[in-house]
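Just so we're on the same page: letters track the sequence lines, and every chain starts at 1.
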There are 2 protein chains.
Amino acid sequence: MSSQTPFGLGPIAAQPLHEQVYERLRHALMSGQIAPGRKLTSRKLAAELGTSDMPVRSALMRLQALHALDQLANGSMILPAMTRTRFSDLMTTRLICEPAAARRAVDGLDRAGLVKLRQVAVALTAAAEDQDIDAYLLHNHDFKFSIYAACGSPSLLFLIETLWLQVGPFLRQFSGQFDNDLRGILALDYHDEIVRRLEEGDGEAAAGLLARDIREGYDFLMQNGQFE
Amino acid sequence: MSSQTPFGLGPIAAQPLHEQVYERLRHALMSGQIAPGRKLTSRKLAAELGTSDMPVRSALMRLQALHALDQLANGSMILPAMTRTRFSDLMTTRLICEPAAARRAVDGLDRAGLVKLRQVAVALTAAAEDQDIDAYLLHNHDFKFSIYAACGSPSLLFLIETLWLQVGPFLRQFSGQFDNDLRGILALDYHDEIVRRLEEGDGEAAAGLLARDIREGYDFLMQNGQFE
DNA sequence: CGATAGATTATGCGATCACAAAAAATCAGA
DNA sequence: TCTGATTTTTTGTGATCGCATAATCTATCG
């Protein structure tokens, strides 16, 4: 007799260490815990995570393959600083991919998906009214990817994910700050209308609204963001 | 005295092994040397390349991060098989990204770039007339990326590269074959007209032609490709 | 005090080892 | 000969070691 699972549910599919490290780092990036320009050395991280170098190296190289990290000439990994031109480039590419995904999401969004989407939209407006930036960003991510995941295109979804992996660390720069005048950007949100259009099956309108949403986020951050 | 370079020219910036392995594998993928469904084990590859496992592991994980390889449940890497739905998905996403890049390339293409583009277009038609599939695919890649590289958007270019990394291994299935009736697809090429439109500065028309090119390649492969 | 040479530390990189699980091969019995 | 169990091999994974270079610190001298 081997180590069979006595009950129906198997174990939580013990992931390899390098996978866990990757997820930790990815989450740390996307939640703004790492400052742009920060150097990430495998030994330091390994010591902090209580592993050896190897899993950390793997995770770092994967992140770098996705352009979430930059590699210095000597091989060190850093979270790239955000310049105006890079930000502009990334947002322009987002404007190509994300409205296209929204346009296709109408067919993939079933009733349950629309219900969930509306719930997230409510939480989103609530976070906006509460001036809770962290919750806003979290729900914003949740909202958009609930749409994109329904676009029926794994490859497009993957491209969008890599874009967010590059923009994410920068978006989080306001995380925890309270002295910014975010009321403007937080107030006007098209999310409710986007849901409405999706419910109506009007993907074109939803895509247009989403593009406006991205553009206004772009304008706001070009105004108020801290670039290098 | 250390290992200084006696002359002005330094070494060819000796790349780390894992980088060389990565390039080798990437090239092997894109030139159809690896059959879809093939399992790539780090030890076998390491033995073949004369290195240890580690650089190979790194390279494989980077490729997998870009979805150029799939990971089995036990961690083995395989070149994913191409299904009709996956191919359809990838080509649809190409249709989103690549015309957009072409549209933007008009501003980034200087005289020298246009000259080079026309040269590649000539080589492309020559390869088509010679029924030289390998040369055709090579120049086709060269042609398209000469355009995309001029789109001024590193992020969009990167997305397109990851898409090609996934489609490439499949496109090469005709490599070396001569008994297929490729005259149809090889004959009608929009490349010359694309160059002409780009020279005229009409990015919109170039994008439209490029979309047609992609669509017809898609139709051809859906008809004649070997899917799983 | 400041700059430079030397020493020390940090770091990327690659090889090797060990272990467990999976896959493959071999063998025994019907 | 076919099937099923057992052994052997393969393979992913992670840790440790050593080397060379880069970065940092220190100390000495002008």
Residues within residues 41-50 of chain A bordering DNA chain C, heavy-atom distance below 4.0 Å: A/Thr41, A/Ser42, A/Arg43, A/Lys44

So which one's nearest nucleotide on DNA chain D is more toward 5', A/Thr51 or B/Met77? B/Met77

Starting from P on C/dG12, measure out to NE2 on B/His18 and report it in whole angstrom. 11 Å

Just by distance, do the side chain of A/Arg104 and the backbone of A/Ala100 share a donor-acceptor pair under 3.5 Å? yes

At their closest point, which heavy atom of A/Met91 faces which heavy atom of A/Gly217, and how far apart are they? CE-C, 4.4 Å

Going by atom type alone, with no hydrogens or angles, which donor-acceptor pairs under 3.5 Å involve a side-chain atom of residues 33-45 of chain B and a protein atom two or more places apart or on another chain?
residue: B/Gln33; atom: NE2; partner: B/Ser31; partner atom: OG; Å: 3.0
residue: B/Thr41; atom: OG1; partner: B/Lys44; partner atom: N; Å: 3.4

Which residues pass the side-chain contact (heavy atoms from CB on, under 4.5 Å) test with B/Ala150, sequence neighbours left out? B/Ala105, B/Leu109

Sub-3.5 Å donor-acceptor pair from the side chain of A/His139 to the main-chain atoms of A/Ala135, do we have one? yes

Per the ring pair (Phe, Tyr, Trp, His ring centres under 6.0 Å) rule, what does the pair list look like for residues 59-112 of chain B, sequence neighbours excluded? A/Phe158-B/His67, B/Phe87-B/Phe170, B/Phe87-B/Tyr218, B/Phe87-B/Phe227

Numerically ordered, the residues 52-76 of chain A set in heavy-atom contact under 4.0 Å with DNA chain D is A/Ser52, A/Met54, A/Pro55, A/Asn74

For residues 47-55 of chain A, tabulate all N or O donor-acceptor pairs below 3.5 Å that involve a side-chain atom, not counting sequence neighbours.
residue: A/Ser52; atom: OG; partner: A/Met54; partner atom: N; Å: 3.4

From CD1 of A/Ile78 over to P of D/dA22, roughly how many Å is that when rounded to an integer? 17 Å

Indicate yes or no: at least one non-hydrogen side-chain atom of A/Met30 is less than 4.5 angstrom from one of A/Leu171. no

Can you tell me how far C1' of D/dT10 sits from NZ of B/Lys39, to the nearest Å? 9 Å

